[in-house]
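Numbers restart at 1 for each chain; the letters A, B, ... are given by sequence-line order, proteins then strands.
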There are 2 protein chains.
Amino acid sequence: MATTEIRAEPLSIGEVAERTGLSVHALRFYEREGLLIGPVQRTAGGRRRYAPADVDWLLICVKLRESGMPLTDLKRFAELVRQGAGNEAERLHLLDTHQRRVEAQIQALEECRSVIAWKVGVYAEHLARGEAAGLWDPTARGEAEGEGAE
Amino acid sequence: MATTEIRAEPLSIGEVAERTGLSVHALRFYEREGLLIGPVQRTAGGRRRYAPADVDWLLICVKLRESGMPLTDLKRFAELVRQGAGNEAERLHLLDTHQRRVEAQIQALEECRSVIAWKVGVYAEHLARGEAAGLWDPTARGEAEGEGAE
DNA sequence: ACTTGATCTAGACCTCGCTCTAGATCCTAG
DNA sequence: CTAGGATCTAGAGCGAGGTCTAGATCAAGT
């Protein structure tokens, strides 16, 4: 293999924004908040140069955020990594706890989905047979509204 | 069957809070925001008396909110219902659009889950064989950090 | 009558997670 | 050299979705 095939030069903030989906504002914000593992390298002129490792970490962050991990947890994780070896158990615990939350979230969403699907079905059927029965009817308040609620 | 088995008396705000999981504050807030279908009935003394239909609607709201529908959409839906028959297509559209969003969300979460699961696996293995290889190592920055990233 | 607790209104306040602004600086192309 | 765009810092601002407070009122038990 030739020299340094996997070059992966340091990237500018704009490039990192592109590949992570975060805005440049958000990237600076994350840094200020201590969500990054190391201080980002700078050029002579003061511009940020993100190492591949920074980008990898940010990509994980994106996934964790997307799945609802609060910034404080992300920060904690970054702190632990910064502290170095010895706290892997706590890191694992953070991830594991979050994983459970994500699973619960998926469950909850599945349930929501089925409720919504049912409701969509009610409306679809209603429309299919030409504006017939009473869906939610504000004039019928106080008694059963129909709509198939059990 | 005896008379009115399915009595379902009107409920106080506290009781509704209990059965919907919303706080009494949130219930009043929702009402102010026009998220309810009708104005809630009041006792002579001015206390709210929620009809069963109000509770049904709130339970749907909870599911929609839980799955990320913004309050503005919920409000729109409530408006449509308030307007009465004739706009069922738009109601269906709102629900249907949301349903798609929920499905996309579930997909995204599944993906997050697998990323996290992989990460958890890396840590678990690491811990199992006694603090060996380099996970995220802040001292190793600038070159490959290991941790199995591909 | 008195106490206790739930509820009332209006409106201020809060957290989260960014986003945007201002004004300066860096850098690349022409 | 100059113009343009990307980036910099510090800090203000924002939208969503409630939450909380104050001060008053209602309702039930003793």
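- Counting distance only, with no hydrogens placed and no angle test, the side-chain atoms of B:R28 and the base atoms of D:dT19 include no donor-acceptor pair under 3.5 Å.
- Rounded to an integer number of Å, the gap from CG of B:L27 to P of D:dT19 is 10 Å.
- Environment of CD in A:E110: crowded, with over 12 heavy atoms of neighbouring residues, nucleotides or ligands closer than 6.0 Å.
- Each of B:R49 and A:G68 was assigned the nucleotide of DNA chain C with the nearest heavy atom; the assignment lying further toward the 5' end belongs to B:R49.
- Annotation: side chain of B:I116 is in contact with side chain of A:S67 (closest heavy-atom distance under 4.5 Å).
- Applying side-chain contact (heavy atoms from CB on, under 4.5 Å) to B:V16 and the options B:L58, B:V40, B:D54 leaves one that passes, B:L58.
- A heavy-atom distance below 4.0 Å to DNA chain D is reached by these residues of residues 13-22 of chain A, ordered by number: A:I13, A:G14.
- Note on B:S12: a side-chain N or O is less than 4.0 Å away from OP1 or OP2 of C:dT7.
- Between B:R101 and B:P70 the shortest heavy-atom distance is NH2-CD, 4.1 Å.
- For D:dA27, its base never sits under 3.5 Å from the side chain of B:R47 at any donor and acceptor pair.
- The listed nucleotides are D:dA27, C:dC27, C:dT19; the one nearest the side chain of A:S23 is C:dT19.
- Judged by distance alone, the side chain of A:R82 and the main-chain N or O of A:G34 form a donor-acceptor pair under 3.5 Å.
- Rounded to whole angstrom, the span from the CD atom of A:E33 across to the P atom of C:dT15 amounts to 14 Å.
- In plain terms, the two heavy atoms of A:V24 and A:I13 that are nearest each other are O-CD1, 3.7 Å.
- Of all the heavy atoms in B:R91 and B:L80, the pair that sits closest is NH2-O, 3.6 Å.
- Counting any heavy atom pair closer than 4.0 Å across all strands shown, B:T72 reaches no nucleic acid atom.
- Between A:L74 atom CG and C:dC16 atom P there is a gap of 14 Å when expressed in whole angstrom units.
- When rounded to the nearest whole Å, the span between CZ of B:F29 and C1' of C:dA12 equals 14 Å.
- Closest to the A:H25 side chain, of the nucleotides D:dT7, C:dC20, D:dG17, is C:dC20.
- The distance from atom OH of A:Y50 to atom C1' of D:dT7 is 11 Å, rounded to the nearest whole Å.
- Residue order along DNA chain D, read from the 5' end via each residue's closest nucleotide, puts B:M69 first among B:G46 and B:M69.
- Per the geometry, CG belonging to B:D73 stands 11 Å off P belonging to D:dA16, to the nearest Å.
- Between the side chain of B:R42 and the base of C:dT7, no donor-acceptor pair of N or O atoms lies under 3.5 Å.
- Straight-line distance from the CD atom of A:E31 to the C1' atom of C:dG17: 17 Å, rounded to whole Å.
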Audit row: A:W57, A:Y50, ring pair (Phe, Tyr, Trp, His ring centres under 6.0 Å) steps and yes/no: CA-CA 11 Å; A:W57 169 247; A:Y50 291 82; over 10 Å; no
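- Comparing C:dT19, D:dG17, D:dT9 by their nearest atom to the side chain of A:R32 picks out C:dT19.
- When distances are taken from the side chain of A:Y30 to each of D:dG18, D:dT9, C:dC18, the shortest belongs to C:dC18.
- Here C:dC16 presents its P atom at 13 Å from CG of A:L35, a figure rounded to the nearest Å.
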